[in-house]
K.L.:
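For reference, the structure I am asking about is given below.
Heavy atoms only: backbone and side chains are in, while hydrogens, waters and symmetry mates are out.
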Amino acid sequence: MSLRLHPKHGVNPTIPRCYLCGENKNEVVLLGNAYKDQAPMNMCLDKSPCDKCKDYMRQGIILIGVRDGEQGDNPYRTGNFCVLKEEAVKRALKDCEGILKSRVAFVDETTWEALGLPVVKFK
């Protein structure tokens, strides 16, 4: 493998952020000229969870609060974050097989309140 250096920024390093919790991963990525300008100090490069989120996913289902009306792969996060045991998710939701398989779900503010989930700001 070869790294083509950025003509101005050299190896052009960045620290990847976790797509789920937003915290820095314990990694450094050298982008070289794969990034057209100077890479930001931190950036989300993929959807793979960090080690902490992987551990949360072994314990239960990660729920991430998002703003009402948000849709898509990267909705605006409110900062609410919690982990529920599988049994609790099964009791709260009838059709939850997709959530149980993916181990993570975005929950809008209205649903978050209706489920009585704690308002715990992750970051």
K.L.:
Are Arg67 and Glu109 within salt-bridge range, i.e. N to O under 4.0 Å?
P.N.:
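No, this pair does not count.
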
K.L.:
Would Leu84 end up clustered with Val66 when hydrophobic side chains under 4.5 Å apart are linked, directly or stepwise?
P.N.:
no

K.L.:
Give the minimum heavy-atom separation between Val29 and Pro16, together with the two atoms involved.
P.N.:
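Nearest pair, atom of Val29 first, then Pro16: CG2-CG, 3.6 Å.
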
K.L.:
So, Lys90 and Glu97, do they make that salt bridge, N to O below 4.0 Å?
P.N.:
no

K.L.:
Would you mind reporting whether Cys82 and Trp112 have side-chain heavy atoms less than 4.5 Å apart?
P.N.:
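Side chain of Trp112 against side chain of Cys82, heavy atoms only: contact under 4.5 Å found.
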
K.L.:
Let me confirm one number: the NZ-CZ distance from Lys54 to Arg103, rounded to the nearest 0.5 Å.
P.N.:
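If I round to the nearest 0.5 Å, the distance is 14.5 Å.
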
K.L.:
Is Leu45 linked to Ile15 within one hydrophobic cluster, defined over Ile, Leu, Val, Met, Phe, Trp and Tyr using a side-chain heavy-atom separation of less than 4.5 Å?
P.N.:
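No: no chain of side-chain contacts under 4.5 Å links Leu45 to Ile15.
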
K.L.:
To the nearest 0.5 Å, tell me how far Asn42 CG sits from Asn24 CG.
P.N.:
4.5 Å

K.L.:
Between Thr14 and Met41 (side chain of the first, backbone of the second, donor and acceptor by atom type, cut-off under 3.5 Å), is there such a pair?
P.N.:
yes

K.L.:
Do Leu115 and Leu100 share a hydrophobic cluster, counting only Ile, Leu, Val, Met, Phe, Trp and Tyr and linking them when any side-chain heavy atoms are less than 4.5 Å apart?
P.N.:
yes

K.L.:
Verify the cluster assignment for Val104 and Val107: are they in a single hydrophobic cluster under the rule of side-chain heavy atoms below 4.5 Å apart?
P.N.:
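As far as the 4.5 Å side-chain criterion goes, Val107 and Val104 are not connected within one cluster.
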
K.L.:
Side-chain donor-acceptor pair under 3.5 Å between Ser48 and Lys25, yes or no?
P.N.:
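Side-chain D/A pair, Ser48 to Lys25: present.
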
K.L.:
At what distance, to the nearest 0.5 angstrom, does CZ of Phe81 lie from CG of Leu63?
P.N.:
9.0 Å

K.L.:
Decide yes or no for Cys21 and Tyr56: does some side-chain heavy atom of the first lie under 4.5 Å from some side-chain heavy atom of the second?
P.N.:
no

K.L.:
Find out whether Tyr76 and Phe106 are in side-chain contact, i.e. whether some heavy atom of one side chain is under 4.5 Å from a heavy atom of the other.
P.N.:
no

K.L.:
Nearest heavy-atom pair of Ile64 and Ile62: which atoms, and what distance?
P.N.:
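Answer, listing the atom of Ile64 first, then Ile62: CG1-CG2, 3.8 Å.
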
K.L.:
Would you please test Asn80 and Arg77 for side chain to side chain donor-acceptor pair (under 3.5 Å) and show each step?
P.N.:
CA-CA 8 Å; Asn80 284 329; Arg77 291 155 171 86; over 6 Å; no

K.L.:
Walk me through it: do Lys52 and Glu23 pass the test salt bridge (charged side-chain N to carboxylate O under 4.0 Å, His left out)?
P.N.:
CA-CA 9 Å; Lys52 185 189 265 186; Glu23 286 194 6; 3.6 Å; yes

K.L.:
Find out whether Val83 and Ile61 are in side-chain contact, i.e. whether some heavy atom of one side chain is under 4.5 Å from a heavy atom of the other.
P.N.:
no

K.L.:
Taking atom SG of Cys96 and atom NZ of Lys101, what is their separation to the nearest 0.5 Å?
P.N.:
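One finds 14.0 Å between SG of Cys96 and NZ of Lys101.
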
K.L.:
When you group the ILVMFWY residues by side-chain heavy-atom contacts below 4.5 Å and let the links chain together, are Ile99 and Leu117 in the same group?
P.N.:
yes

K.L.:
Verify side chain to side chain contact (heavy atoms under 4.5 Å, CB included) between His9 and Asp37, making sure each step is shown before the conclusion.
P.N.:
CA-CA 8 Å; His9 305 294; Asp37 199 5; 3.6 Å; yes

K.L.:
Taking atom CE of Met57 and atom CG of Asp55, what is their separation to the nearest 0.5 Å?
P.N.:
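Rounded to the nearest 0.5 Å, the CE-CG separation comes out at 11.0 Å.
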
K.L.:
Between His6 and Lys36 (side chain of the first, backbone of the second, donor and acceptor by atom type, cut-off under 3.5 Å), is there such a pair?
P.N.:
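Answer holds: yes.
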
K.L.:
Could you tell me whether Glu27 atom CD has more than 12 heavy atoms of other residues or ligands within 6.0 Å of it?
P.N.:
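Yes - once you tally the heavy atoms of other residues, nucleotides and ligands closer than 6.0 Å, there are more than 12.
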
K.L.:
Got a sec: does the CG of Asp46 have more than 12 other heavy atoms crowding it under 6.0 Å?
P.N.:
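Enclosed: over 12 neighbouring heavy atoms sit under 6.0 Å from CG of Asp46.
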
K.L.:
Can you find a pair of side-chain heavy atoms, one from Asn12 and one from Leu30, that are under 4.5 Å apart?
P.N.:
no

K.L.:
Is there a side-chain contact between Cys50 and Leu20 (heavy atoms, below 4.5 Å)?
P.N.:
no

K.L.:
To the nearest 0.5 angstrom, please state how far the CE atom of Met43 sits from the CG atom of Leu31.
P.N.:
6.0 Å

K.L.:
Closest approach of Pro49 and Cys18, non-hydrogen atoms and distance?
P.N.:
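Closest pair (atom of Pro49, atom of Cys18, distance): CA-SG, 4.0 Å.
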
